[in-house]
Undergrad: 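Let me begin by handing over the structure; questions about it come next.
Small disclaimer: the values here were computed from a predicted structure and weren't measured. So that the names make sense, note that chain A is the first sequence line, chain B the second, and so on, each numbered from 1.
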There are 2 protein chains.
Amino acid sequence: MARPRAFDDETALDAATDCFWRAGYGATSVRDLGAAMGLNAPSLYNAFGDKHALFTRCLDRYLDGNMRARIRRLESTLPPRAAIERFMEEIVARSLADPRGCLLVNTALEVAPHDAAVAEVVAARLGELEGFFHRCMVAGQREGSIAPSRPARDVARLMVTTIMGLRVLARAHPEPALLRGAARQALSLLDPPATERTA
Amino acid sequence: MARPRAFDDETALDAATDCFWRAGYGATSVRDLGAAMGLNAPSLYNAFGDKHALFTRCLDRYLDGNMRARIRRLESTLPPRAAIERFMEEIVARSLADPRGCLLVNTALEVAPHDAAVAEVVAARLGELEGFFHRCMVAGQREGSIAPSRPARDVARLMVTTIMGLRVLARAHPEPALLRGAARQALSLLDPPATERTA
DNA sequence: GATGATCTATAGCGACCGCTAAGAAATAGG
DNA sequence: CCTATTTCTTAGCGGTCGCTATAGATCATC
């Protein structure tokens, strides 16, 4: 018993996410969002609250559809070491292909330092990422594909750090040799030392 | 034969740099800059051109006084391996102590993607950083303090990547154990494999 | 002290910002 | 049909943005 909406929430959120992703939070105006989402300001505010609420919703959606989905997919279809390697490969490929970079990284630098609520979300997702790498490390060390002499926790942390770094480098200077070389060295920490290999 | 300036250029530029450093380029208004630098808009525009020119000047100053100075200092006073280790330690310590993060990293993500001139500067400075690590790698491998089996170029690239990543993580979630663990693992790539150590 | 050059101060330009009040348009139930 | 409810449209609120025209203040030189 009311007028129906003339737009689709999911489609509109995708469009909004793309705006924030490309230009960042501050540089995206509500008018930009409205234009991209195909609705005017009052409809936008009625449907999604204010700009900040829309952003956090886009960020959550992005993280669920990208980071978490990737973790689930790789962890459920690949053995632990391959999952780590594949994750890194996909990040390198994405970084080279998509000039928008990673919304999580962009947000960690632009929004999180001035927004405690967003900082909490970012920190939690970084923790999830570290958890993924840590689980893979432990499982890989147990099955023998990853050198058992490395501290699993710290290697997992370096993997997260490397991914953040790759995203930064790619955004400013997307050179394939640079990203691939760095990723290869990070992954070399999974190799057993020479003694174990030749023993 | 004219009225002298009522402010010091260096002091004013330091104040402007702090503004950009803390809030970013977009979130810093010319009025903010004027207030921090102690001069009104017309003086600011007369002395430094527009906002963008002031920013690039601040960025150059920052890079000369921070990154380049650190490279020179470490490279001239420490042996190669120690220079790498010390660089990483200082980045971790700075990241934990200064909530502003690194202006180069902040700029690489916020400004560089939408500003070709700034992107060039950022890319060049990242190249200098990679060059520093590469020189240290080569020298350290020659003198035997760094494992000769690692590809110097790629390890240098991972060091740069790790630093970028540490800066991102610290800005969103400055946890000492996380940063130190990641840095330690990156530095472990300098260690000779067990065969070489025990030979 | 007058002159000319440079700097500073006041004020405000047009444009955009996030956001919203008020009313017209579109639906479901009666 | 009419009414109630929700959405959409128009218009605009006060505020800030980057930037500048104009005029007054302060100096070296003559």
Undergrad: Need the bend value for the helix from dG1(C)-dC30(D) to dG30(C)-dC1(D): angle between end axes, 5 pairs each end, nearest 10°.
TA: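 Here the local axes at opposite ends form an angle of 10°.
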Undergrad: Starting at CG of Leu33(A), measure out to CG of Leu54(A) and round the result to the nearest 0.5 Å.
TA: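 The CG atom of Leu54(A) is 5.5 Å from CG of Leu33(A), to the nearest 0.5 Å.
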Undergrad: Kindly indicate whether a cation-pi arrangement holds for Arg57(B) with Phe48(B), taking the cut-offs as under 6.0 Å to the six-membered ring centre and within 45° of the axis.
TA: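 No, Arg57(B) does not lie over the aromatic ring of Phe48(B).
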Undergrad: Any side-chain donor-acceptor pair under 3.5 Å between Asp191(B) and Ser188(B)?
TA: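 Their side chains do not contain a donor-acceptor pair, so the 3.5 Å distance test is not met.
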Undergrad: By a strict heavy-atom criterion of less than 4.0 Å, which residues belonging to residues 28-48 of chain A are in contact with DNA chain D?
TA: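 Per residue number, the list reads Arg31(A), Asn40(A), Pro42(A), Ser43(A), Asn46(A).
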Undergrad: Below 4.0 angstrom, which residues in residues 50-62 of chain B have at least one non-hydrogen atom near DNA chain D?
TA: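 Asp50(B), Lys51(B), in order of number.
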Undergrad: For residues Met67(B) and Arg125(B), report the shortest heavy-atom separation together with the two atoms involved.
TA: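 The pair with the smallest heavy-atom distance is CE-O, 3.4 Å.
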Undergrad: Group every Ile, Leu, Val, Met, Phe, Trp and Tyr by side-chain heavy-atom contacts under 4.5 Å, then state whether Val138(A) and Met159(A) land in the same group.
TA: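 Unlinked, Val138(A) and Met159(A) end up in two clusters.
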Undergrad: Under 3.5 Å, which donor-acceptor pairs do the side chains of residues 107-120 of chain B form with other protein atoms, sequence neighbours left out?
TA:
residue: Thr107(B); atom: OG1; partner: Leu103(B); partner atom: O; Å: 2.6
residue: Glu110(B); atom: OE1; partner: Tyr25(B); partner atom: N; Å: 2.9
residue: Glu110(B); atom: OE2; partner: Tyr25(B); partner atom: N; Å: 3.4
residue: Glu110(B); atom: OE2; partner: Gly26(B); partner atom: N; Å: 2.7
residue: His114(B); atom: NE2; partner: Arg22(A); partner atom: O; Å: 3.4
residue: Asp115(B); atom: OD1; partner: Ala117(B); partner atom: N; Å: 3.1
residue: Asp115(B); atom: OD1; partner: Val118(B); partner atom: N; Å: 3.1
residue: Asp115(B); atom: OD2; partner: His52(B); partner atom: NE2; Å: 2.3

Undergrad: At a heavy-atom distance below 4.0 Å, what parts of residues 8-25 of chain A sit against DNA chain C?
TA: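 Within residues 8-25 of chain A, no residue comes under 4.0 Å of DNA chain C.
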Undergrad: Who pairs with Arg73(A) by side chain to side chain donor-acceptor pair (under 3.5 Å), at least two apart in sequence or on another chain?
TA: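 Here the qualifying residues are Glu90(A).
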Undergrad: Mind checking the CG-CG spacing from Asp18(A) to Leu13(A)? Nearest 0.5 Å is all I need.
TA: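 Going from the CG atom of Asp18(A) to the CG atom of Leu13(A) covers 12.5 Å.
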Undergrad: With ring pair (Phe, Tyr, Trp, His ring centres under 6.0 Å) as the test, pick out the partner of Phe55(B) among Trp21(B), Phe20(B), Tyr62(B).
TA: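 Going through Trp21(B), Phe20(B), Tyr62(B) one by one, the ring pair (Phe, Tyr, Trp, His ring centres under 6.0 Å) with Phe55(B) is satisfied by Phe20(B) alone.
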